[in-house]
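Working notes, structure below.
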Amino acid sequence: MIRKALLKDAKLMQRLINNYSDDKVMLPRSLGYIYETIREFNVFVDDDNNLLGCIASHIVWDDLAEIKALAVSKQHLKKGIGKSLVEKAILDAKLLGAKRIFALTYVNKFFEKLGFKVINRNSLPQKIWTECINCPKFPECDEIAVEKYI
């Protein structure tokens with residue numbers, strides 16, 4: 001089941017996300033970041049309310065949203081959890097009026113299966129000059145930009 005993230009989820013979300021950052025496939029997220037942006041997050045929980053995945057949907061500009069911090073428990077991969085979370089993020093963005101949604105990722109094939117297309121990162125100036133400029137990887141970012149019109 002997907003639900004809005006709660007404050008009590010923050011530490012588990014950080015652990016889940018940072019498991020992937022340890023593998024160098026996601027940027028790490030501080031606990032402060034998660035608390036500050038908790039309203040952007042949805043989580044996937046099982047019937048026992050165990051947190052199995054998370055995703056953030058972030059508005060970037062008047063027609064543009066971003067998927068951030070998509071992470072699924074490694075023990076629960078390939079079960080449709082990531083797909084369900086992305087679909088929820090798309091729905092949330094669409095309800096707010098976004099016309100397109102993007103992600104910066106190392107697993108572009110996953111997003112391509114969901115109808116996203118690889119794009120040039122430079123076509124996202126709002127993202128680059130508001131957030132990317134503060135990233136330790138800037139300007140040598142090796143993430144792949146994907147986008148979908150919604």
Side-chain angles (χ1 to χ4, degrees), residues 1-61 63-119 121 124 126-127 130-132 134-138 141-150:
M1 169 182 88
I2 296 176
R3 64 166 169 76
K4 290 301 287 179
L6 304 172
L7 292 172
K8 69 177 184 163
D9 299 321
K11 290 179 183 173
L12 291 171
M13 291 165 48
Q14 183 197 28
R15 193 172 312 129
L16 185 62
I17 293 165
N18 288 348
N19 279 337
Y20 285 98
S21 71
D22 291 345
D23 295 339
K24 308 283 189 249
V25 294
M26 278 183 77
L27 293 174
R29 303 290 181 184
S30 71
L31 194 53
Y33 170 85
I34 292 171
Y35 281 127
E36 289 172 7
T37 60
I38 196 87
R39 292 178 184 197
E40 296 182 349
F41 277 91
N42 283 296
V43 294
F44 189 102
V45 295
D46 65 12
D47 293 337
D48 296 322
N49 211 32
N50 296 307
L51 194 143
L52 304 181
C54 64
I55 194 168
S57 178
H58 176 75
I59 299 300
V60 176
W61 207 247
D63 69 340
L64 183 63
E66 178 182 11
I67 289 173
K68 292 179 151 188
L70 170 60
V72 174
S73 164
K74 291 179 182 179
Q75 296 81 16
H76 294 89
L77 292 173
K78 308 271 187 212
K79 295 183 179 179
I81 294 171
K83 177 183 177 187
S84 295
L85 287 166
V86 169
E87 289 170 348
K88 175 64 171 144
I90 290 170
L91 177 62
D92 288 351
K94 188 183 274 190
L95 289 173
L96 288 171
K99 303 277 189 266
R100 48 194 183 118
I101 192 164
F102 76 95
L104 296 177
T105 184
Y106 292 108
V107 289
N108 56 300
K109 298 295 182 201
F110 166 79
F111 284 97
E112 288 178 71
K113 288 179 187 174
L114 299 176
F116 286 73
K117 304 285 185 215
V118 173
I119 61 168
R121 237 184 355 265
L124 303 166
Q126 299 92 340
K127 170 69 176 173
T130 57
E131 289 187 52
C132 292
N134 297 313
C135 179
K137 289 186 164 196
F138 186 80
C141 179
D142 56 350
E143 289 183 302
I144 299 163
V146 294
E147 177 183 66
K148 180 175 185 168
Y149 283 83
I150 53 176

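Expressed to the nearest 0.5 Å, how far CD1 of I34 lies from CZ of R29 amounts to 8.5 Å. In this structure, CG on L51 lies 11.0 Å from NE2 on H76, to the nearest 0.5 angstrom. Separating the CD1 atom in I55 from the CD1 atom in I67 is a distance of 4.5 Å, to the nearest 0.5 Å. We find the CD-CG distance between Q75 and L52 to be 9.0 Å, quoted to the nearest 0.5 Å. In this structure, OG on S84 lies 11.5 Å from CG on N42, to the nearest 0.5 angstrom. Atom NZ of K11 is separated from atom CG of L31 by 6.5 Å, given to the nearest 0.5 angstrom.
When every heavy atom of K148 is checked against every heavy atom of I90, the shortest pair comes out as CD-CD1, 4.2 Å. In plain terms, the two heavy atoms of I2 and F44 that are nearest each other are CG1-CD1, 3.6 Å. Pairing each heavy atom of A69 with each of M26, the nearest pair is CA-CE, 3.5 Å. The two residues L6 and R3 make their nearest non-hydrogen contact at CG-NH1, 3.5 Å. The shortest non-hydrogen separation linking G82 to F110 is C-CZ, 3.7 Å. When all heavy atoms are compared, the tightest approach of L16 to A71 is CD2-O, 3.6 Å.
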Exercise for the section: Given side chain to side chain contact (heavy atoms under 4.5 Å, CB included), test L70 with F111 step by step and report yes or no. Expected result: CA-CA 11 Å; L70 170 60; F111 284 97; 3.9 Å; yes

Handout entry: Worked check of side chain to side chain contact (heavy atoms under 4.5 Å, CB included) between Y106 and I144
Key = CA-CA 6 Å; Y106 292 108; I144 299 163; 6.0 Å; no

Handout entry: Verdict with supporting geometry, D9 and K4, salt bridge (Lys or Arg N to Asp or Glu O under 4.0 Å)
Key = CA-CA 10 Å; D9 299 321; K4 290 301 287 179; over 6 Å; no

Problem - Full working for side-chain hydrogen bond (donor to acceptor under 3.5 Å, both in side chains) between E66 and H58 - result: CA-CA 5 Å; E66 178 182 11; H58 176 75; 5.2 Å; no

Practice task
Report the C-alpha separation of I17 and C54 in whole Å, then their side-chain angles, then the decisive distance to 0.1 Å, and conclude whether the side chain to side chain contact (heavy atoms under 4.5 Å, CB included) test is met.
Solution key: CA-CA 8 Å; I17 293 165; C54 64; 3.8 Å; yes

Practice task
Show the numbers, then the answer: is there a side chain to side chain contact (heavy atoms under 4.5 Å, CB included) between F116 and T105?
Solution key: CA-CA 12 Å; F116 286 73; T105 184; over 6 Å; no

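Listed for the S30 side chain is a donor-acceptor partner under 3.5 Å among the backbone atoms of Y33. For Y149 (side chain) and I101 (main-chain N/O), no donor-acceptor pair under 3.5 Å exists by modelled atom type. No donor-acceptor pair closer than 3.5 Å links the side chain of R121 to the backbone N or O of V146. Under the 3.5 Å distance criterion, the side-chain polar atoms of D23 are left unmatched by any main-chain donor or acceptor of V25. A donor-acceptor pair is defined here as one N or O able to donate and one able to accept, closer than 3.5 Å; no such pair exists between the side chain of N18 and the backbone of S21.
For K74, the NZ atom sits in a packed shell: over 12 heavy atoms of surrounding residues, nucleotides or ligands are nearer than 6.0 Å.
For the pair I119/L124, a side-chain contact is recorded, criterion being any heavy-atom separation below 4.5 Å from C-beta on.
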